[in-house]
Amino acid sequence: LSKNQFISSSWCRKNNIPTVYLSRMVKSGLLEQVTKGLYIAANSGNYDDFYIFQYQYKKTIFSYETSLYLLGLTDKNISTFDVTVENHYKFATPPVNATVHYVNNNLFNLGITEVKTNFGNTVKTYSAERTVCDFIKDKDKCDYEIYIKLLKNFASMKNKNITLLEQYAKAMNITEKVLSALEVLI
């Protein structure tokens with residue numbers, strides 16, 4: 001394993017590698033177990049907290065401020081994760097380092113995209129267009145400074161997709177709010 005590269009017990013099983021080797025490598029100091037079923041080379045240094053979180057909580061999608069960070073739309077450090085799950089989802093063990101947002105099942109998959117973390121691992125987050133809609137929908141619950149900065153950053157993005165933004169706004173029933181928030185900027 002190279003630095004910050006993970007190996008999982010499920011990957012070993014899929015590739016017909018007995019998982020007992022993982023235990024042996026942990027005992028010999030070659031691997032560290034970072035969470036149940038997930039291992040990394042010993043003494044790798046920093047861990048990819050985004051990847052580890054989503055490995056533990058597979059049904060979550062990074063959203064709100066965490067999406068902004070992963071999409072490069074904010075430089076604010078993330079101390080807790082914002083994640084979204086479907087309304088009916090129940091955690092076996094609720095995450096302690098996250099704010100959980102629940103959405104209607106028909107909106108959950110809207111705007112999911114995959115991005116690379118700073119460590120090169122792939123995680124799921126909402127697109128910039130979906131994130132803008134979420135912030136506009138929940139404007140009263142959001143940090144005003146982050147909200148304004150998001151709108152300005154989105155307006156100046158070269159690869160923004162206004163058609164997609166309009167589709168998401170329509171699906172979320174917030175078309176007028178989105179048009180009102182962005183008409184000054186775009």
Side-chain angles (χ1 to χ4, degrees), residues 1-12 14-15 22 25-26 29-85 89 91 93-101 103 108-136 138 141-161 164-165 168:
L1 291 177
S2 64
K3 190 172 184 175
N4 297 312
Q5 190 175 15
F6 294 93
I7 187 168
S8 68
S9 52
S10 61
W11 181 88
C12 288
K14 285 179 195 172
N15 290 281
L22 295 172
M25 292 175 81
V26 168
L30 294 171
L31 288 180
E32 290 179 39
Q33 184 175 14
V34 292
T35 190
K36 184 179 180 186
L38 189 64
Y39 303 82
I40 192 167
N43 304 315
S44 295
N46 294 331
Y47 297 119
D48 188 341
D49 292 329
F50 296 97
Y51 181 81
I52 294 169
F53 183 92
Q54 219 161 52
Y55 180 86
Q56 289 178 290
Y57 302 103
K58 291 174 176 51
K59 301 283 187 181
T60 63
I61 306 299
F62 289 118
S63 56
Y64 292 87
E65 289 187 39
T66 307
S67 269
L68 296 181
Y69 179 82
L70 289 167
L71 296 168
L73 294 172
T74 186
D75 53 4
K76 181 181 176 189
N77 285 332
I78 302 297
S79 57
T80 61
F81 296 121
D82 280 302
V83 295
T84 296
V85 294
Y89 186 74
F91 291 96
T93 306
V96 293
N97 58 339
T99 301
V100 180
H101 305 270
V103 296
F108 179 71
N109 291 312
L110 193 68
I112 294 176
T113 189
E114 291 185 340
V115 297
K116 296 274 188 192
T117 67
N118 291 340
F119 293 96
N121 297 302
T122 302
V123 294
K124 291 181 182 178
T125 189
Y126 284 121
S127 67
E129 292 79 10
R130 166 63 189 262
T131 302
V132 166
C133 287
D134 283 338
F135 269 88
I136 292 172
D138 294 331
K141 300 175 190 171
C142 298
D143 181 311
Y144 185 73
E145 185 178 327
I146 291 171
Y147 173 79
I148 294 300
K149 193 179 252 187
L150 165 62
L151 295 181
K152 288 179 181 177
N153 287 345
F154 182 77
S156 65
M157 277 177 55
K158 289 182 171 62
N159 62 343
K160 65 183 167 285
N161 187 332
L164 200 55
L165 179 72
Y168 293 165

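A distance-only check finds a donor-acceptor pair linking the side chain of Lys160 to the backbone of Met157 [under 3.5 Å]. Panel note: side chain Tyr57, backbone Thr93; a donor-acceptor pair is recorded below 3.5 Å. Under a 3.5 Å cut-off, the side chain of Asp143 and the backbone N or O of Ile146 do form a donor-acceptor pair. At least one donor-acceptor pair closer than 3.5 Å links the side chain of Glu129 to the backbone N or O of Asn161. Using a distance-only test at 3.5 Å, with no hydrogens or angles considered, no donor-acceptor pair links the side chain of Tyr126 to the main chain of Val132. Panel note: side chain Arg130, backbone Tyr168; no donor-acceptor pair is recorded below 3.5 Å.
Annotation: the span from Lys124 atom NZ to Leu70 atom CG amounts to 14.0 Å, rounded to 0.5 Å. Atom OG1 of Thr131 is separated from atom CD1 of Ile136 by 11.0 Å, given to the nearest 0.5 angstrom. With rounding to the nearest 0.5 angstrom, the CG atom of Asn121 is 11.0 Å from the CG atom of Asp49. How far CD1 of Ile40 is from OH of Tyr47: 6.5 Å, rounded to the nearest 0.5 Å. Leu22 CG to Cys12 SG: the interatomic distance, rounded to the nearest 0.5 Å, is 4.0 Å. Note that CD1 of Ile61 is 12.5 Å distant from OG1 of Thr66, once rounded to the nearest 0.5 Å.
Residues Ala128 and Leu71 approach most closely at N-CD1, 3.5 Å, considering heavy atoms. Here the closest heavy-atom approach between residue Gln33 and residue Lys36 is recorded as NE2-CA, 3.6 Å. The heavy-atom pair separating Tyr89 from Lys59 by the smallest distance is CE1-CG, 3.4 Å.
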Verdict with reasoning, Phe62 to Val115, per side-chain contact (heavy atoms from CB on, under 4.5 Å): CA-CA 10 Å; Phe62 289 118; Val115 297; over 6 Å; no
Steps toward side-chain contact (heavy atoms from CB on, under 4.5 Å) verdict (Thr60, Phe81): CA-CA 10 Å; Thr60 63; Phe81 296 121; over 6 Å; no
Thr74 vs Leu150, side-chain contact (heavy atoms from CB on, under 4.5 Å): CA-CA, chis, key distance, verdict: CA-CA 8 Å; Thr74 186; Leu150 165 62; over 6 Å; no
Test log, rule side-chain contact (heavy atoms from CB on, under 4.5 Å), inputs His101 and Tyr64: CA-CA 9 Å; His101 305 270; Tyr64 292 87; 3.5 Å; yes
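Side-chain rings of Phe119 and Tyr51 stay apart, their centers remaining 6.0 Å or farther from each other. Residues Phe50 and Tyr69 bring their aromatic ring centres within 6.0 Å.
More than 12 non-hydrogen atoms from other residues, nucleotides or ligands lie less than 6.0 angstrom from NZ of Lys58.
In this structure, the side chains of Ile52 and Phe6 come closer than 4.5 Å at one or more pairs of heavy atoms. Using a 4.5 Å heavy-atom threshold, the side chains of Val100 and Pro94 count as separate.
Checking Thr122 against Lys116 by side-chain atom types alone, a donor-acceptor pair falls below 3.5 Å.
Each of Thr84, Thr125, Thr113, Asp82 was compared with Ser67 under the side chain to side chain donor-acceptor pair (under 3.5 Å) criterion, and only Thr125 meets it.
Taking Ser8 as the reference, Ser10, Trp11, Leu38, Tyr55 meet the side chain to side chain contact (heavy atoms under 4.5 Å, CB included) condition, with sequence neighbours excluded.
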